[in-house]
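Every number for a ligand or one of its atoms is a count from 1 in the order of the listing. Please read these numbers as outputs of a predicted model, since none were measured by experiment.
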Amino acid sequence: MTGAIQVSKPDVLAVAKLHPFYQKHLETAYTVHDRTHVTDPGAFAELAPRIVGVAGTGEASVPASLLSQLPNAKVVSVFGVGYDGVDVTAAIAHGIPVTHTPDVLTDDVADLAMGLVLSVGRNIAQADQFVRAGQWPNGPMALGRKVSGARMGIVGMGRIGKAIAQRASAFGMSIAYTARSAKADLAYTFYANATALAAEVDFLVAITPGGAGTRHMINAEVLKALGPRGFFINVARGSVADEEALVAALQNGTIAGAGLDVFADEPKVPEALWGMRNVVLTPHMASATTETRQAMADLAFANMQAGTTGQPLRTPVPECAALGL
Ligand code: NAP
């Protein structure tokens with residue numbers, strides 16, 4: 001009797017619910033264990049030595065305690081450009097490089113940032129509700145805030161910050177920014193910190209990484225500097241803004257309004273924001289188009305394959321690239 005020899009696929013651990021495009025790619029080459037370390041620690045203890053790769057998302061937690069249980073892991077491949085949930089220092093110490101998906105999502109995130117700027121400035125979401133609620137015959141809506149020609153301040157002038165600046169320039173907006181360092185190749189005005197920047201702009205857009213270095217960078221002082229005619233847009237990470245201070249600033253009229261794609265404890269959104277007419281809320285969807293999610297899945301999968309087969313990684317995170325990992 002003859003029969004096909006079953007060759008088992010290498011094992012990878014998914015530390016978060018993966019996007020279906022990434023999951024589908026992985027399943028062509030690997031056996032994917034969905035959060036087994038959390039759902040079945042007993043089975044995980046047996047499985048852990050066989051894990052060759054870890055698949056994650058932007059904020060999914062990959063702590064040192066998990067990495068130390070994976071003696072044969074060769075890569076952590078994150079689906080997302082941000083990787084604040086991964087303990088990169090511990091990964092490097094274990095010789096496990098970390099990869100992410102930069103560039104392929106830059107346009108989408110910049111597009112959504114501008115969408116939120118337009119939406120909060122011109123009351124687009126409120127106008128939609130106004131029409132649907134049959135209020136149009138009863139009188140005009142309140143006037144909006146002109147976006148073209150306004151002053152844009154960008155907190156974080158990396159890949160996405162620059163793409164937002166390009167789009168804002170096309171709207172005739174003036175551009176200023178803050179980052180860890182001034183960029184000699186950019187003609188935009190640099191401010192040393194977010195407070196100084198906020199005082200000079202109409203729309204303040206946060207687009208830095210999350211993590212300890214940027215935690216609560218947008219605080220009560222920054223919001224006060226932005227002022228009662230200023231709008232805050234967050235497409236970075238919820239942790240970048242002090243959410244309590246932000247809610248208070250919106251309630252008190254310290255700032256005019258906000259467009260928020262990210263929150264401190266997703267998917268929970270402070271109930272205080274739900275009924276506010278001066279905010280637009282989106283569910284962390286800045287890169288959520290079919291085209292971009294496919295490109296992210298392709299890149300995350302390419303990194304997983306490269307890592308687990310000893311090929312050069314496509315897009316290691318900067319800390320790993322600097323070490324030649
Ligand atoms: P990037 O090219 O690495 O740019 C990051 C920028 O943030 C750089 O200009 C950097 O300053 C600045 N920065 C970092 N730490 C800072 C600090 N402590 N203080 C001030 N500025 C700081 O990254 P990117 O590709 O533009 O992505 C940026 C972030 O966007 C991601 O990390 C992620 O958190 C977020 N994101 C969100 C979504 C979403 O769905 N909402 C989607 C994609 C990305 P220097 O240039 O001086 O180093």
Does the side-chain hydrogen bond (donor to acceptor under 3.5 Å, both in side chains) test come out yes or no for S287 and D108, once each step is laid out?
-> CA-CA 5 Å; S287 66; D108 272 4; over 6 Å; no
For G156 and ligand 1, does the shortest N/O to N/O distance drop below 3.5 Å?
-> no
With heavy atoms and a 4.0 Å threshold, my read on which part of R237 contacts ligand 1 is side chain
Under a 4.0 Å heavy-atom limit, does D261 contact ligand 1 with its side chain, its backbone, both, or neither?
-> side chain
Got the closest protein heavy atom to atom 5 (C) of ligand 1, with its distance?
-> P209 CD, 3.7 Å
Spacing of CG belonging to L70 relative to CG belonging to L13, to within rounding of 0.5 Å = 6.5 Å
What's the shortest distance from atom 3 (O) of ligand 1 to any protein heavy atom, and which residue and atom give it?
-> R159 NH2, 3.5 Å
What salt bridge (charged side-chain N to carboxylate O under 4.0 Å, His left out) pairs are there with at least one residue in residues 11-20, not counting sequence neighbours?
-> D11-R50
Can you list the atoms of ligand 1 that are under 4.0 Å from a heavy atom of G213?
-> 18 (N)
Does ligand 1 have a heavy atom under 4.0 Å from the side chain of S181, from its backbone, from both, or from neither?
-> both
Any N or O of M157 that comes nearer than 3.5 Å to an N or O of ligand 1?
-> yes
Looking only at non-hydrogen atoms, find the nearest pair between G144 and N123 and report the distance.
-> CA-ND2, 3.7 Å
Hey, are N193 and T178 close enough side-chain-wise for a donor-acceptor pair under 3.5 Å?
-> no
Supply the atom-to-atom distance M173 CE to I154 CD1, rounded to the nearest 0.5 angstrom.
-> 9.0 Å
Any K183 heavy atom less than 4.0 Å from ligand 1 = yes
With a 4.0 Å cut-off on heavy atoms, is M217 touching ligand 1?
-> yes
Quick one: does P102 get within less than 4.0 Å of ligand 1, heavy atoms only?
-> no
Please determine which of R151, R229, K146 meets the side chain to side chain donor-acceptor pair (under 3.5 Å) test together with D202.
-> R151
In terms of ring plane angle, is the pair F203 and F231 parallel, tilted or perpendicular, where the classes change at 30° and 60°?
-> parallel
So, E27 versus Y22: side-chain donor-acceptor pair below 3.5 Å or not?
-> no
Residue and atom name of the nearest protein heavy atom (relative to atom 42 (C) of ligand 1), distance in Å to one decimal | V109 CG2, 3.4 Å
Kindly confirm or rule out an N or O of T214 lying under 3.5 angstrom from an N or O of ligand 1.
-> no
Using distance alone, determine whether D84 and ligand 1 share an N or O pair under 3.5 Å.
-> no
Report yes if M285 has an N/O atom closer than 3.5 Å to an N/O atom of ligand 1; otherwise report no.
-> no
Assign the ring pair H25 / F301 to parallel, tilted or perpendicular, where the plane angle (0 to 90°) is split at 30° and 60°.
-> parallel
Identity and separation of the nearest protein heavy atom to atom 28 (C) of ligand 1 = I207 O, 3.7 Å
Protein heavy atom at shortest distance from atom 29 (C) of ligand 1 = T208 O, 3.4 Å
Determine whether the side chain, the backbone, both or neither of T106 has a heavy atom under 4.0 Å from any heavy atom of ligand 1.
-> neither
Return the residue, atom name and 0.1 Å-rounded distance of the protein heavy atom closest to atom 44 (C) of ligand 1.
-> V81 CG1, 3.2 Å
Consider only side-chain N and O atoms of T99 and R314, and report whether a donor and an acceptor are under 3.5 Å apart.
-> no
Consider every N or O of R180 and every N or O of ligand 1, then say whether any pair is closer than 3.5 Å.
-> yes
Could you tell me the residue and atom name of the protein heavy atom closest to atom 26 (O) of ligand 1, and the distance to it rounded to 0.1 Å?
-> I160 N, 2.9 Å
So which heavy atom in the protein is nearest atom 36 (N) of ligand 1, and how far is it from that ligand atom?
-> V235 O, 3.8 Å
N/O separation below 3.5 Å, G161 to ligand 1 = no
Salt bridge check: are R237 and D84 linked by an N-O gap of less than 4.0 Å?
-> yes
Residues which pass side chain to side chain donor-acceptor pair (under 3.5 Å) with Y188, listed by chain and number, not counting sequence neighbours = none
Does the T315 side chain pair with the main chain of H100, one donor and one acceptor, at a distance under 3.5 Å?
-> yes
